[in-house]
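In what follows, a structure is listed as structure tokens, so that the remarks can point back to it.
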Number of protein chains: 2
Amino acid sequence: MTKDEPSSVWLRDPGVRARSTPLTRERIVEAAVALLDGHGIEGLTMRRLAGALDVTPTALYWHVRTKEDVLDLAVDRIFGAAPVPPVTADWREDVRALARAWRTAMLEHPWAPGLIGRPVLGPNVLARTEFLQSALVRGGLSDLGLAVTTRLLANYVIGAALTESAWRRSPGAGPAPARAHITADPAAYPTLTASGHLDAERWDDESLFDRGLDAILAGACGGAVEVRGR
Amino acid sequence: MTKDEPSSVWLRDPGVRARSTPLTRERIVEAAVALLDGHGIEGLTMRRLAGALDVTPTALYWHVRTKEDVLDLAVDRIFGAAPVPPVTADWREDVRALARAWRTAMLEHPWAPGLIGRPVLGPNVLARTEFLQSALVRGGLSDLGLAVTTRLLANYVIGAALTESAWRRSPGAGPAPARAHITADPAAYPTLTASGHLDAERWDDESLFDRGLDAILAGACGGAVEVRGR
DNA sequence: ACCTGAACACCGTTCAAGT
DNA sequence: ACCTGAACACCGTTCAAGT
């Protein structure tokens, strides 16, 4: 909400607001993320972006090739914002920490998961994968099992972030009406009705996500006993 | 491909092509999926959609509230196209069959995963979840474990479809350049370099996906032995 | 009930021109 | 090198009017 700009701008020439710092990719991406956070995916317009930077829309095209570029940069930026956790002695905890931080970063910017529709391998994402896989190697995985588990974890986190951010983004379509949609037709959905699927009273997203991580670690690395204990 | 329209239309006035069948939601969604399949997400325009149906753009708004509606309907349609598999005696095989069919349906329409950005609980999606969860119940799951595994499976499938369709959609950005991106900096990505991450020569998407399913079933239901045997 | 025509308020992007 | 101004070819959607 409150924009925190370098104060030097305001000191330099108090009469002239904006037209301030020189336009850079850095500033463009920063402003883009702010717009996306504030108004969602369709809140980002090259014209609005230019307006927020007090610049002509066409000026952006000197620093950026296309609007898609801006979106790619914005996605990579939010992964760079959340730091990779430190390596500890417990590789399982490292995996969990990374996965949780990853999910959290995406949920803090609900527009982000929907943009993974483009191949996302900026340096920040690759660094996370490196951390994740090195933890799995410490856990004894290699070859096919390693490849399988790496993908399994990544896809689980992405899928969870995508679906959770979905009805966090669309107003009025929370889990409550979704649950009602099920109980309205118990004949069609007997199992879902009985199990309390999508019942926010019974399960919350966070703990379901954590237990899912446990199940993955148990299944891929055969440590069912340790997991049950925690 | 072949449209099956009521023949009465053609009998009525053989000289006039198109303007043919009356405009219906059904026909609109059908045409929308065709446009999406042919030209991707940005190939779908209300104006182009109208053109394909030989109708004024504004005519669509009589049958449909907004463009978002069209997208929602298109997504639900492709899930309705792939039938829910039959229930067998082997609940594990049922789970696998559903997950595979689900992923396949999305990969056949690479624009679809990116649209899960909206809460997707059309009847076709709910029917799949009902099938999935009932199989898990037959496998002995209940309560929290059931809720966890249901989400885990759904999110895994969605995440896999999303990432796989991503670089299937963007041309020139296949796994090969991605892999090169890693090996170009082995100092930064030692584990990924050594493990052959993203190396299409060593692993293919399909078998990685299948083995991931095995791991989930093993971890959630504790059947590591059965899984290893197959 | 269903569709057209004209119009509104936007888009992303190009390109010559300015400084 | 960096930015402006004008312009192009589009958008989604509304609304009165036709049949």
Side-chain angles (χ1 to χ4, degrees), chain A residues 9 12-13 16-36 38-75 111 114-115 117-118 169-170, chain B residues 5-6 8-9 12-13 16-33 35-36 38-75 111 114-115 117-118 169-170:
Chain A
V9 174
R12 196 191 310 162
D13 188 341
V16 176
R17 49 163 287 276
R19 224 37 266 293
S20 45
T21 341
L23 199 53
T24 61
R25 272 165 83 104
E26 180 67 23
R27 285 188 65 223
I28 292 177
V29 176
E30 184 186 1
V33 170
L35 275 178
L36 287 165
H39 305 90
I41 182 71
E42 79 261 16
L44 180 64
T45 284
M46 293 303 266
R47 294 175 131 97
R48 273 216 268 251
L49 184 54
L53 294 163
D54 248 310
V55 148
T56 291
T58 56
L60 301 173
Y61 289 88
W62 180 262
H63 303 272
V64 133
R65 212 175 48 81
T66 171
K67 184 183 179 181
E68 299 237 302
D69 274 13
V70 177
L71 291 174
D72 285 338
L73 291 168
V75 169
W111 46 269
L115 293 182
R118 63 200 69 244
R169 190 163 354 103
S170 65
Chain B
E5 358 203 351
S8 64
V9 173
R12 199 192 306 163
D13 190 342
V16 177
R17 54 162 282 279
R19 229 32 270 293
S20 45
T21 342
L23 200 54
T24 63
R25 273 166 83 104
E26 179 67 22
R27 286 188 65 223
I28 291 176
V29 176
E30 183 187 3
V33 170
L35 274 179
L36 287 165
H39 305 89
I41 183 69
E42 79 261 15
L44 180 64
T45 284
M46 293 302 266
R47 295 175 131 97
R48 272 215 269 250
L49 184 55
L53 294 162
D54 248 310
V55 149
T56 291
T58 56
L60 301 172
Y61 289 87
W62 179 261
H63 303 272
V64 133
R65 213 174 47 81
T66 172
K67 183 184 179 180
E68 299 236 303
D69 273 14
V70 178
L71 291 173
D72 284 338
L73 292 168
V75 170
W111 46 269
L115 293 181
R118 63 199 70 244
R169 189 163 357 101
S170 63

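The sequence lines fix the lettering, A, B, ..., with proteins before strands; numbering per chain opens at 1.
In this structure, the CZ atom of A:Arg48 is 12 Å from the C1' atom of C:dA9, given to the nearest Å. One interatomic measurement links the two molecules: CZ of A:Arg65 to P of D:dC2, which rounds to 19 Å at whole-angstrom precision. Residue A:Ile28 contributes atom CD1, which lies 12 Å from atom C1' of D:dC2 at whole-angstrom precision. For the pair B:Glu42 CD and C:dC11 P, the computed distance is 18 Å after rounding to whole Å. Atom CE of A:Met46 and atom P of C:dC10 are 18 Å apart (whole Å). One atom, CG of B:Leu49, and another, P of D:dG12, lie 9 Å apart when rounded to the nearest Å. Protein atom CG of B:Asp69 is 13 Å distant from nucleotide atom C1' of D:dT13, rounded to whole Å.
Of the candidates A:Leu44, A:Val33, A:Leu71, A:Trp111 forms a side-chain contact (heavy atoms from CB on, under 4.5 Å) with just one, namely A:Val33.
Of all nucleotides listed (C:dC3, D:dG5, D:dT13), D:dT13 comes nearest to the side chain of B:Tyr61. Here the side chain of A:Thr45 is nearest to one of D:dC2, C:dG12, D:dT13, namely C:dG12. Of the listed nucleotides (C:dT13, C:dC11, C:dT4), C:dT4 has the atom at the smallest distance from the side chain of B:Thr56. Relative to the side chain of A:Thr58, the nucleotides D:dC3, D:dT13, C:dT14 differ in distance, and C:dT14 lies closest. Taking every side-chain heavy atom of A:Lys67 into account, C:dT13 is the closest of D:dT13, C:dT4, C:dT13.
Here the side chains of A:Leu53 and A:Leu60 are in contact, with some heavy-atom distance below 4.5 Å. You'll find the side chain of B:Leu73 stays beyond 4.5 Å of the side chain of B:Ile28, heavy atoms only. Between A:Thr24 and A:Val29, every side-chain heavy-atom pair lies at or beyond the 4.5 Å cut-off.
Each of A:His63 and A:Arg47 was matched to the nucleotide of DNA chain D holding its nearest heavy atom; the match closer to the 5' end belongs to A:His63.
Between A:Trp62 and the phosphate of D:dC2, there is a side-chain N or O to OP1/OP2 separation shorter than 4.0 Å. Considering only side-chain N and O atoms, A:Thr66 lies under 4.0 angstrom from the phosphate OP1 or OP2 of C:dT13.
The OG1 atom of B:Thr21 sits 4.0 Å away from the CZ atom of B:Arg27 when rounded to the nearest 0.5 Å.
Pairing of C:dG12, defined by two Watson-Crick or G-U wobble distances under 3.5 Å, is identified with D:dC8.
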